[in-house]
Amino acid sequence: MKSDLVQQITLYKYRYIAGFGALLLFILAVTTWRFWALPDGLSVNEMAAATTAGHFSLPQILSEVVNLPWTILEWLSIKVFGASVFAFRLPAIILMILSAGGLVMLLRKWSRDNIAVISGFLTITSVFFISLSRSATPLAMTTFLIVMILLSTLTIIRAVEKFGSGGEKNQVRRSWRTFLAKIILCIALALLCYQAAGIYLVVMFVVVGVFHPKTRLIFVKSKPWKIIIGASAGLAVMTPLAVGLIAGGSTTLTKWLVLNGAWSPEHLSTSWATLFGLEIGFADGLVTPLLTLVSLIIALLGLMKIGAGILSARAYLVLPFLLTTLALSAWQPELVYLLFVPLALLTTVGVETLVREWYNLFPRNPYARILGVVTLTILIGGLVWASMTRFSLSQNYDTRVVDNYNQEYSAVRSVLLGERNAVMLIVSPDEQEFYEILRSDFPKLEVSTKMKKDVHSIVLGSASVQSEEIPSKIVTSWRSENAVLLRIY
């Protein structure tokens, strides 16, 4: 009997290791499971990002400064794996895995381990996270940089708070940890400036850091040489951006500052429907609504808790962050993805409030505590299952989502892999530049908008090019409408 009790106590000690281990497996499964085929096809935004990266070269670094960190990463992926859907989406998968890991570490510093596990499961299985991880667009890079900024900042604060304990050896270790975190912070802030609308977030973070008493004190007490190194690293990273903005003129500046938006009731309605709408839809590469009603209630509970302590350290960060991202999404609904991290933080506070209030109701009743654990497990399990199922069903069966993905590119690539002779690919004029990136993998390929007689040709279904010849093969999709993808002559 005694040995069984000892064994139970020993296993209880490893509960958080098991919880975070299961969370890691979920992160890998959710992000990597058939990401090259689910979603099936490429969205308009993915094709635009792939066009920029596919035609990018290092000498052009000053002409493509907006979203440059993402462009370079996708360009490298294409160089290594070829111009395939796998290569287009791989950078987003890697960035969102790192973002999820960084977010879990952030939540551990933000709250207790058990709350971090619960909120971590809710966050990484949400439609919001899954859509971001499977969209080959710069959204993943922006999300990753935001997480790195918050994590490095909180790491610096926590390390400085514990700096005076643990002996000289631990002090040296913490000193180098804070120094490395400061370098990462400066570089992440500089890289975020490259992203569209990223400069607004950088200004917000800097202003919050100036007014937050802990971060202001850390900056004042930092050694001048450390500040110089961090500032120099940030400025060096931002040099191409400054030159590119000057050389690019108003067009580049408009794209960088997202000046094509406007505050209007229509944009507010669109942003609200994207986040919490009642009907399944598709917006800028994301399956909507991004949050369930229960997730919204938990986030609102977290917002009420933070609002009650308006002068707390959490409020200093979350409220300006939330207001800035809400304002940006109201200005341009395409920026609604910026709400992912603040909503994750609010969800954590909401879950923490639920658990604490329940335990406060029954501080000495073990049966009530067990009932609370069972109820919370059912709630979390239901939300996880509902989110993952909704994303999968939407991507496979809902025409409001499926029809936004172009399947022709994968079909063309599959056919070209079996070709050994010269081929002419007939495309629509607005997609010619995109399909030109296939020539890096298939040198004998020619891309055109018009057919030629007696030439081995592949005609896209969307090209709207007719021929009197009878095609030797027709490639179709499983969709009920516009099923013809390719006609081969």
Side-chain angles (χ1 to χ4, degrees), residues 30-31 33-50 67 70 74 85 88-89 91-93 95-97 99-100 103 122-147 195-198 258 261 266-293 295-296 299 325-326 328-344 347 383 386-406:
V30 165
T31 52
W33 171 252
R34 299 184 70 246
F35 67 86
W36 57 90
L38 185 69
D40 189 3
L42 292 170
S43 66
V44 173
N45 290 351
E46 287 178 311
M47 293 171 67
N67 298 319
W70 166 264
E74 188 173 10
V85 177
F88 298 158
R89 289 186 179 149
I93 296 296
L95 288 172
M96 291 309 295
I97 289 175
S99 298
L103 188 59
L122 287 177
T123 300
I124 61 100
T125 57
S126 65
V127 173
F128 209 157
F129 177 82
I130 301 173
S131 295
L132 283 173
S133 65
R134 292 170 179 266
S135 178
T137 59
L139 312 188
M141 176 61 75
T142 303
T143 304
F144 169 72
L145 293 174
I146 291 173
V147 172
Q195 301 299 109
V258 195
E266 292 78 12
H267 282 178
L268 285 173
S269 176
T270 301
S271 298
W272 177 262
T274 301
L275 286 170
F276 315 115
L278 299 178
E279 294 185 357
I280 293 176
F282 186 85
D284 305 308
L286 305 176
V287 177
T288 63
L290 298 171
L291 297 178
T292 63
L293 180 60
S295 300
L296 171 61
T325 51
L326 282 174
L328 289 173
S329 62
W331 169 263
Q332 177 54 268
E334 292 181 1
L335 301 176
V336 72
Y337 73 95
L338 296 175
L339 286 162
F340 172 71
V341 176
L343 286 175
T347 299
L383 288 174
S387 295
M388 296 179 67
T389 302
R390 182 160 65 88
F391 179 83
S392 178
L393 293 177
S394 300
Q395 290 291 358
N396 286 314
Y397 304 110
D398 199 302
T399 56
R400 291 168 293 186
V401 176
V402 173
D403 290 345
N404 290 281
Y405 289 92
N406 187 331

If you measure from CZ on F128 to OG on S387, what distance do you get to the nearest 0.5 Å? 12.5 Å
Spell out, as yes or no, whether a donor-acceptor pair under 3.5 Å connects the side chain of S135 to the backbone of S131. no
Is there a side-chain contact between S99 and F144 (heavy atoms, below 4.5 Å)? yes
So does L139 get a backbone contact from the side chain of T143, meaning a donor-acceptor N/O pair under 3.5 Å? yes
Within the side chain of S271, is there an N or O that forms a donor-acceptor pair under 3.5 Å with the backbone of S329? yes
Output, in order, the C-alpha distance, side-chain angles, deciding distance and verdict of side chain to side chain contact (heavy atoms under 4.5 Å, CB included) for Q395 and R134. CA-CA 11 Å; Q395 290 291 358; R134 292 170 179 266; over 6 Å; no
Do you know which two heavy atoms are closest between R390 and T292, and how far apart they sit? NH2-CG2, 4.2 Å
Can any side-chain N or O of S133 pair as donor or acceptor with the backbone N or O of I130 at less than 3.5 Å? yes
Could you work out, with salt bridge (charged side-chain N to carboxylate O under 4.0 Å, His left out) as the rule, every residue matching E46, not counting sequence neighbours? R89
Tightest non-hydrogen contact, residues L268 and A330, listed as CD2-CB, 3.4 Å
Could you walk me through whether E334 and N45 pass the side chain to side chain contact (heavy atoms under 4.5 Å, CB included) check? CA-CA 11 Å; E334 292 181 1; N45 290 351; 5.8 Å; no
For T31 and F129, which heavy atoms make the closest approach, and how far apart are they? CG2-CE2, 3.5 Å
For the OG1 atom of T270 and the CG atom of L275, what is their distance to the nearest 0.5 Å? 11.0 Å
Donor-acceptor contact below 3.5 Å, side chain H267 vs main chain W331: yes
Heavy-atom side-chain contact between D40 and N396 under 4.5 Å: no
The reported gap from CG in N67 to OG1 in T142 (rounded to nearest 0.5 angstrom) is 6.5 Å
I'd like to check V402 versus F282 (side-chain heavy atoms, cut-off strictly below 4.5 Å). Are they in contact? no
Taking W70 for the side chain and A49 for the main chain, is one N or O donor matched with an acceptor at less than 3.5 Å? no
Pairwise distance CD(Q195) to CG(L335) - rounded to 0.5 angstrom: 11.5 Å
Is there a side-chain contact between T325 and L343 in this structure, where contact means two heavy atoms from C-beta onward sitting under 4.5 Å apart? no
Minimum-distance pair of heavy atoms, taken over all atoms of V30 and T125: CG2-CG2, 4.4 Å
Please confirm whether the backbone N or O of T288 pairs with a side-chain atom of T274, one donor and one acceptor, at under 3.5 Å? no
How long is the span from the OG atom in S126 to the CG atom in L291, to the nearest 0.5 Å? 7.0 Å
Nearest 0.5 Å, what's the CG-OG1 distance between L296 and T347? 9.5 Å
Using the rule given for side chain to side chain contact (heavy atoms under 4.5 Å, CB included), can you reason through E74 versus F88, listing the C-alpha separation, both sets of side-chain angles and the distance that settles it, and then say yes or no? CA-CA 6 Å; E74 188 173 10; F88 298 158; 3.8 Å; yes
Nearest heavy atoms of V85 and W36, plus distance in Å: CG1-O, 3.5 Å
For residues L393 and I280, determine if any side-chain heavy atom of one lies less than 4.5 Å from a side-chain heavy atom of the other. no
Hey, mind stepping through Y337 and T137 against side chain to side chain contact (heavy atoms under 4.5 Å, CB included) and telling me if it holds? CA-CA 12 Å; Y337 73 95; T137 59; over 6 Å; no
